[in-house]
Undergrad: 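Just passing along the structure, written as structure tokens.
Convention: sequence-line order gives letters A, B, ...; per-chain numbering from 1.
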Amino acid sequence: MQEISSRYNPKETQDKWYKFWEENGYFSASSNPSKKPFSIVIPPPNVTGILHMGHALNNTIQDILIRYHRMRGEESLWMPGTDHAGIATQNVVEKSLAKEGLKRQDLGREKFIERVWEWKEEYGSTIIQQLKKIGASCDWERIRFTMDEEYSLAVKTAFVKLWDKGLIYKDKRIINWCPRCQTALSDEEAPHRQMQGNLYYMRYPLKSNPRNFVVVATTRPETMLGDTAVAVNPKDKRYKKLIGERLILPLTGRQIEIISDGMVEAKFGTGAVKVTPAHDPNDYILGKKHNLEFINVMHPDGRMNDRAGDYAGMDRFEARQVILEDLKEKGLLEKVEPHDLSAGHCYRCHTVIEPYLSRQWFVKMAPLAKPAISAVKSGKIEFYPKRWTKVYLNWMENIQDWCISRQIWWGHRIPLWYCNDCKKLAIAALSKPSVCGICKSSNLKQEEDVLDTWFSSWLWPFATFGWPFSSEDAVKNSQNKEDLKYFYPSSTLVTAPEIIFFWVARMIMAGFEFMGDLPFRDVYIHGTVRDTEGKKMSKSLGNSIDPVEIINEYGADALRFSLISITAQGQDVFLSRERFEQGRNFANKIWNASRFILMNLDPANARGDLCVFFKKEQLQLVDRWILSRFFSTLKQIDNYLDNYRFNEAANSLYSFFWREFCDWYLELIKPDIKNRQHQLVMYKILEKFLRILHPFMPFVTEEIWHLVCQLSKAPAEKSSIMTTKLPHLQKQIIDPDSEEKMERVFELISTIRNIRSELEIPPTQQVSATVYTAKKESQDLFQLNSLHIKYLGRLERLEFAKSYRQSPGKFATVFKDMHIVIPLEGLIDVRRHKEKITKKMQKTSLEIKVKKKMLANKSFIQRAPEEVVRREEEKLKELTLNLGKLKGVKDGLS
RNA sequence: GGGCUCAUAGCUCAGUUGGUUAGAGCGCUUCCUUGACAUGGAAGAGGUCUCAGGUUCAAGUCCUGAUGGGCUCACCA
């Protein structure tokens, strides 16, 4: 037999097996009516993406589900792809251009887009390669990109359909504007963040009496240049008389009016608020309501414009400082107070958002939200953990119209055409119309803006299948249609909480709108990966652990297993490097246990059907026990995975294999390892365990699978563990009686080991022991298993007797209803031993007291289930017996 | 301000519907290199389950409140 290393070396196996799987087409899936479908669409990572722990967790979960269902015999499709990530990608490419001293405008739109494509070709597959490293079994032949030609058609189609329904409109309003990226953003793309700022109290002189003024408080003094009113609450007595009066706006000399509106909070600041309708969403509302002028004082890049007078050309924050100085100089700055505020930040470049008045395209969301709300309310779509349902519904029920136009170049250009001649109409069409519908002019121009990236991602669950099937290839179309019909709706969506609004909610809306059906049934939201201090792992914080590094150092299986074993119920995951040792050690343990089995297994014994072989009483207790434990575990795994309880599944696999199979079973059978029964059982357990573990640790299981098959010469299984089925759950083998009995044997062994340890008996020294028990059943059990007890307890003799009689000089202890006596004349520290016994007696007495009290309670007897009462009674009996025995032992010592 | 979430061993966390002795990994102590594995084995120490009430025969688990973290949404300038 070939030498097998005593250490599992993941580096030697990972790439080899991944290639093997891919080349054999084990990942591919297509509609197959004879099987049940199972499908997942990957949350497409950005093309600019580099694998981080969040991806590793997200994709490990998906891979476990996919591999598990695949091995359950379901036609399992994991649809992969990447997202063109408009702003993010454009930013990356602009940065690389900047190194050449170029701006995108220097290249022009077309050339720039070409550059982005080039960039994508060169770097865009980095994350895909990394996904392969963690073992992701996606159907790579289907890989999609949200800017693919086919996919673009889906985007345009969706737009035109919404347009035709009247759900798309243009409006001039305050939107979130990123002055750095110079584009509009949706509300979701401009998350609010707490900031330390100031509240500046500024004096606005009254026109009627410039020595008097109204003081307004603001966090953004620079916007004062665009003020067109000051508003107060109509009920505010301080200002009642001043309503309708005019103020002189400092630094500009412009006159503005004092208006009143219920929106103004009298309690905040001074109760008088400056109104800047072009630079604040609330002020915008006031402006509309009171017919105020809208003065935009900023350029799109955040510099002040000509309307800002002397401050024109300054950056908004620079202008703030200068304005404050000027006001101060004029005695118009009353005071400055520290004030915490929250402001929107660009989710791509983190620049402070400017609420900015501009004309943008919007989607009316209320009609789309309707079916998406009821699908979740009715339970057709379920969130795991449940609590996200509320988050989702809350957002959905208060949904705002979606700003979908972006002033960037990289993305799906909005499929709208304007007539340069009559300028009357915008036409939405999949391709350029030949003439204007009104004036018949052919002088048409396409909208410059592109669509929000998420306007393409929300179509992902069906657009990836080729929807709307307008390809010229009829065969391809019909295959696509069939696949979509078969795999849609997908089974489970696995994603992170921060993406619920961006993507999950919108996919649900798009699913109903364009497919007339939900896009997926279950949504599993996993936690955020954090460092041990609770900070979110991110490159910018420098606290991230690179998954690829972990794969190199510990192995992909270790990465997967360690991640999954701490992913409880969608709780956040706190990670430190050491955490991956657990996974590495586990892989190594499996490796060595397999090695041990291979070294000791006679291949002839590996053949045979367990079911046929297993006739109830034929097998020894140990074998019945381990088989029962295996199938109990298997049953649990099914249950755990069906409920997305990944950590519990991982942990029960771990403890079954390590604690029960290795520490107990293999140790127990060592002296009798050539026994035919043991041989078959240990082989079968290993072989079955590998299969159930495979979804979690695909590489090490595949590697061992081949070693095992080689030895057992089972040719049918020679191909790949991936193509096998999960072990069939044989419920009749689950045997609580064996489990309970074996448990008692273990307890006895542990007690003996404990005694040895207490007495500091060297492991090499054999001793003899006598177990006194009045119960015949117990005696039989231990007698039957005395070989095991002797072996693991390192006993040369094990004897049984009925009634215990103290004999000085022997060590005695009480275990359950028994005495265990080890003769060790002269070696016992009587005093210490006595102390131990006393301590034990105290504990027992206390327990007895509690139980007695409990059983004396009439309500307990009346109301608790009979079974519980009986159990307590028995327990009390045992404890009392125990106490008596302990006392006997103690007395015998003196 | 609303909502969600967490508080359990030295650390990081499990603990499904309330019911024997509250678990794991890491860390710690003692012992062991015995032919699967020291990335290992055996034994052990360590917890008033944040606090205060309540429901119940019975609460780590359910309810209310408090305290302290975290997340998220929101138009107090």
Undergrad: How close or far is atom C1' of rU20(B) from atom CZ of F860(A), stated in whole angstroms?
TA: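 Answer to the nearest Å: 11 Å.
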Undergrad: Would you mind telling me which of rA74(B), rC73(B), rU21(B) lies closest to the side-chain atoms of H192(A)?
TA: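 Of the candidates, rA74(B) comes closest.
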Undergrad: Classify the nucleic acid contact of K390(A) as base, sugar-phosphate or nothing, counting any heavy atom under 4.0 Å across all strands shown.
TA: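 Sugar-phosphate contact only.
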Undergrad: Using the C1' atom on both, measure rG70(B) against rC13(B) and round to a whole Å.
TA: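 Straight-line distance between the two C1' atoms is 15 Å.
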Undergrad: 5'-most contact on RNA chain B: V264(A) or E581(A), nearest heavy atom basis?
TA: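 Taking each residue's closest nucleotide, the earlier one in sequence belongs to E581(A).
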Undergrad: What distance, rounded to whole Å, do you find between the two P atoms, one in rU61(B) and one in rA52(B)?
TA: 13 Å
Undergrad: Output the rounded distance in Å from CD1 (I499(A)) to C1' (rC71(B)).
TA: 16 Å
Undergrad: For E578(A), answer base if it contacts any base atom (sugar-phosphate contacts may also be present), sugar-phosphate if it contacts only those atoms, and nothing otherwise; contact means non-hydrogen atoms under 4.0 Å.
TA: nothing
Undergrad: Once you apply a heavy-atom cut-off of 4.0 Å, does P497(A) come out as touching a base, just sugar-phosphate, or nothing?
TA: nothing
Undergrad: Check this for me: does any side-chain nitrogen of one of E553(A) and R577(A) sit under 4.0 Å from a carboxylate oxygen of the other?
TA: yes
Undergrad: Can you tell me if K589(A) touches the phosphate of rG41(B), counting only side-chain N or O atoms and a distance under 4.0 Å to OP1 or OP2?
TA: yes
Undergrad: Taking 4.0 Å as the cut-off, does a side-chain nitrogen or oxygen of R659(A) come that near to OP1 or OP2 on rG25(B)?
TA: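 It does, given that an N or O in the side chain of R659(A) lies less than 4.0 Å from OP1 or OP2 of rG25(B).
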Undergrad: Searching all strands shown, indicate the nucleotide that pairs with rU33(B) (Watson-Crick or G-U wobble; both distances under 3.5 Å).
TA: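 Base partner found: none.
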Undergrad: Once the angle between the rings of F586(A) and F689(A) is folded into 0 to 90°, is it parallel (under 30°), tilted (30 to 60°) or perpendicular (over 60°)?
TA: perpendicular
Undergrad: For rU21(B), give its Watson-Crick or G-U wobble partner with both distances under 3.5 Å, or none.
TA: none
Undergrad: Mind checking E667(A) for me? I need base, sugar-phosphate or nothing, with any heavy atom below 4.0 Å counting as a touch.
TA: base
Undergrad: Taking atom C1' in both rC4(B) and rA77(B), compute the distance separating them and give it to the nearest angstrom.
TA: 28 Å
Undergrad: Once you apply a heavy-atom cut-off of 4.0 Å, does N857(A) come out as touching a base, just sugar-phosphate, or nothing?
TA: sugar-phosphate
Undergrad: Quick one: look up who rU39(B) pairs with, Watson-Crick or G-U, both distances under 3.5 Å, and put none if it's unpaired.
TA: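 None - no nucleotide pairs with rU39(B), as no candidate has both distances under 3.5 Å.
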Undergrad: Roughly how many Å apart are rA66(B) and rU56(B), using the C1' atom of each and rounding to a whole number?
TA: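 About 23 Å, rounded to a whole number of Å.
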Undergrad: So, do H339(A) and N198(A) sit near enough that their side-chain heavy atoms are less than 4.5 Å apart?
TA: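 No, their side chains stay 4.5 Å or more apart.
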Undergrad: rA77(B) phosphate, OP1 or OP2: any side-chain N/O from H279(A) under 4.0 angstrom?
TA: no
Undergrad: Is D602(A) salt-bridged to K674(A), cutoff N-O under 4.0 Å?
TA: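 So D602(A) does not pair with K674(A) through a salt bridge.
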Undergrad: So for atom CD, which belongs to E740(A), do other residues, nucleotides or ligands contribute more than 12 heavy atoms lying within a distance under 6.0 Å?
TA: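 Yes, enclosed.
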Undergrad: Under the 3.5 Å rule, do the base of rU20(B) and the side chain of R871(A) count as making a donor-acceptor pair?
TA: no
Undergrad: Taking the six-membered ring for Trp, are F383(A) and Y392(A) parallel (under 30°), tilted (30 to 60°) or perpendicular (over 60°)?
TA: tilted
Undergrad: Under a 3.5 Å cut-off for both contacts, is rA66(B) paired Watson-Crick or G-U wobble with anything, and if yes, with which nucleotide?
TA: rU50(B)
Undergrad: Does the structure show a Watson-Crick or G-U wobble partner for rC71(B), both distances under 3.5 Å? Name it, or say none.
TA: rG3(B)
Undergrad: Can you see if the side chain of K670(A) gets near the phosphate of rA36(B) - specifically, an N or O under 4.0 Å from OP1 or OP2?
TA: yes
Undergrad: At under 4.0 Å between heavy atoms, what does R645(A) touch on the DNA or RNA strands: base, sugar-phosphate, or nothing?
TA: sugar-phosphate
Undergrad: With RNA chain B as reference, determine whether Y640(A) or S859(A) sits nearer its 5' end, using the nearest nucleotide of each.
TA: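 The answer here is Y640(A).
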Undergrad: Are K589(A) and F661(A) in a cation-pi setup, meaning NZ or CZ lies under 6.0 angstrom from the ring centre and within 45 degrees of the ring axis?
TA: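 No; the conditions do not both hold, so K589(A) does not lie above the ring face of F661(A).
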Undergrad: Can you tell me how far C1' in rC63(B) sits from the matching atom in rG23(B), rounded to whole Å?
TA: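 27 Å, rounded to whole Å.
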Undergrad: Tell me whether the OP1 or OP2 atom of rU5(B) has a side-chain N or O from W388(A) closer than 4.0 Å.
TA: no
Undergrad: N600(A) near the nucleic acid: base, sugar-phosphate alone, or nothing, with a heavy-atom cut-off under 4.0 Å?
TA: nothing
Undergrad: Specify the separation, in whole Å, of atom CD1 of I525(A) and atom P of rU72(B).
TA: 14 Å
Undergrad: Between protein and nucleic acid, restricted to nucleotides 43-45 of chain B and to nitrogen or oxygen atoms under 3.5 Å apart, what atom pairs and distances do you find?
TA:
| residue | atom | partner | partner atom | Å |
| --- | --- | --- | --- | --- |
| rA43(B) | O3' | N754(A) | ND2 | 3.2 |
| rA43(B) | O2' | S757(A) | OG | 2.9 |
| rG44(B) | OP1 | N754(A) | ND2 | 2.2 |

Undergrad: Do you know the tightest heavy-atom contact between R753(A) and L792(A)?
TA: NE-O, 3.3 Å
Undergrad: Whom does rG60(B) pair with, Watson-Crick or G-U wobble, provided both distances fall under 3.5 Å?
TA: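 Per the H-bond distance test, none.
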Undergrad: Please give the nucleotide sitting opposite rG10(B) as a Watson-Crick or G-U wobble pair, both distances under 3.5 Å, or none.
TA: rC26(B)
Undergrad: If you measure from the P atom in rC62(B) to the same atom in rA7(B), how many Å do you get, rounded?
TA: 11 Å
Undergrad: Decide, yes or no, whether a salt bridge links E337(A) with K335(A) under the criterion of side-chain N to carboxylate O below 4.0 Å.
TA: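 So E337(A) pairs with K335(A) through a salt bridge.
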Undergrad: Roughly how many Å apart are rU8(B) and rG1(B), using the P atom of each and rounding to a whole number?
TA: 26 Å
Undergrad: Touch check for Y654(A), heavy atoms < 4.0 angstrom, all strands: base, sugar-phosphate only, or nothing?
TA: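 Sugar-phosphate contact only - Y654(A) comes under 4.0 Å of backbone atoms but never of a base.
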Undergrad: Between rU67(B) and rC51(B), how far apart are the P atoms? Round to whole Å, please.
TA: 16 Å
Undergrad: Counting just side-chain N and O atoms, does R387(A) come under 4.0 Å of either OP1 or OP2 of rC4(B)?
TA: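 Checking R387(A) against rC4(B): no side-chain N or O falls below 4.0 Å of OP1 or OP2.
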Undergrad: Is the closest basic N to carboxylate O distance between E866(A) and R870(A) below 4.0 Å?
TA: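 Not counted as a salt bridge, because no side-chain N and carboxylate O are separated by less than 4.0 Å.
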Undergrad: I want to check one thing: is the phosphate of rG40(B), taken as OP1 and OP2, less than 4.0 Å away from some side-chain N or O of N585(A)?
TA: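 Yes.
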Undergrad: What contact category does V273(A) fall into here, base, sugar-phosphate, or nothing, at under 4.0 angstrom with non-hydrogen atoms?
TA: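 It contacts base atoms.
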